[in-house]
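Just follow the structure's listing: the first ligand is 1, and inside any ligand the first atom is 1. These values consider heavy atoms only, across backbone and side chains, with no hydrogens, waters or symmetry-generated copies.
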Amino acid sequence: MDHDKIKAAVAQIIVAIGEDPKREGLVDTPNRVAEMYTELFSGLTKDPKEELSVGFELGHREMVIVKDIPFYSMCEHHLLPFFGVVHIGYIPNVSGRIVGISKLARVVEAYARRPQVQERMTSEIAETISDGLKASGVAVVIQAEHLCMMMRGINKPGSKVITSAVRGDFRKRAASRAEFLSLIQNKS
Ligand code: ZN
């Protein structure tokens, strides 16, 4: 990440919109934005698959669901935030390979902290868990609000975008999909 380049670019934007880069409130803004982008885009230097390299075989072959994993990402079309929750379900393979719950949250984090579109993020998470765990099935649902929809353009505050991706058993078996969907909808 090139901190100085971000700083220079933000300084240019401030001038380009007709603001005064020397104004007290703005004088440190290029530096602050550069520091913030380093954090918000830190997923670019991570390999999400690595998060799943340490799993364990428990012989558990039932569905595992982690719901309401919060995330914050940046829409790559407008560089404005979109944010919400990710629900992940998977069915372990024949040897029952599972992974610590925090690892799934780290996969989400690695994909969220980069310029993104919600649809791609959904399938990337599903693909990574499917590959990384050699799972029999994976289902991912993301519910998010996009500031670029809320603040501009179609201007629809409160509307949510829901995307889903299913692999393996979840694609083949309607009963598994239905079980996943009913479990993630449970209030509590
Ligand atoms: Zn956008």
Task: Shortest non-hydrogen separation from Met121 to Val86 and the atoms involved - done: CE-CG2, 4.3 Å

Open item on the list: Does any part of the side chain of Ser136, heavy atoms only, come nearer than 4.5 Å to the side chain of Arg61, both counted from C-beta?
Closed with: yes

Open item on the list: What I want to find out is whether Lys46 reaches Glu109 closely enough, with some N-O distance under 4.0 Å, to be called a salt bridge.
Closed with: no

Open item on the list: Main chain of Tyr111, side chain of Glu124: is a donor-acceptor contact present, judged purely on distance under 3.5 Å?
Closed with: no

Task: Thr38 (side chain) donor-acceptor with Ala34 (main chain) under 3.5 angstrom - done: yes

TODO: Below 2.8 Å of the Zn ion (ligand 1), tally up the protein N/O/S atoms for me.
DONE: 3

Open item on the list: Between Phe71 and Phe82, is the ring centroid distance below 6.0 Å?
Closed with: yes

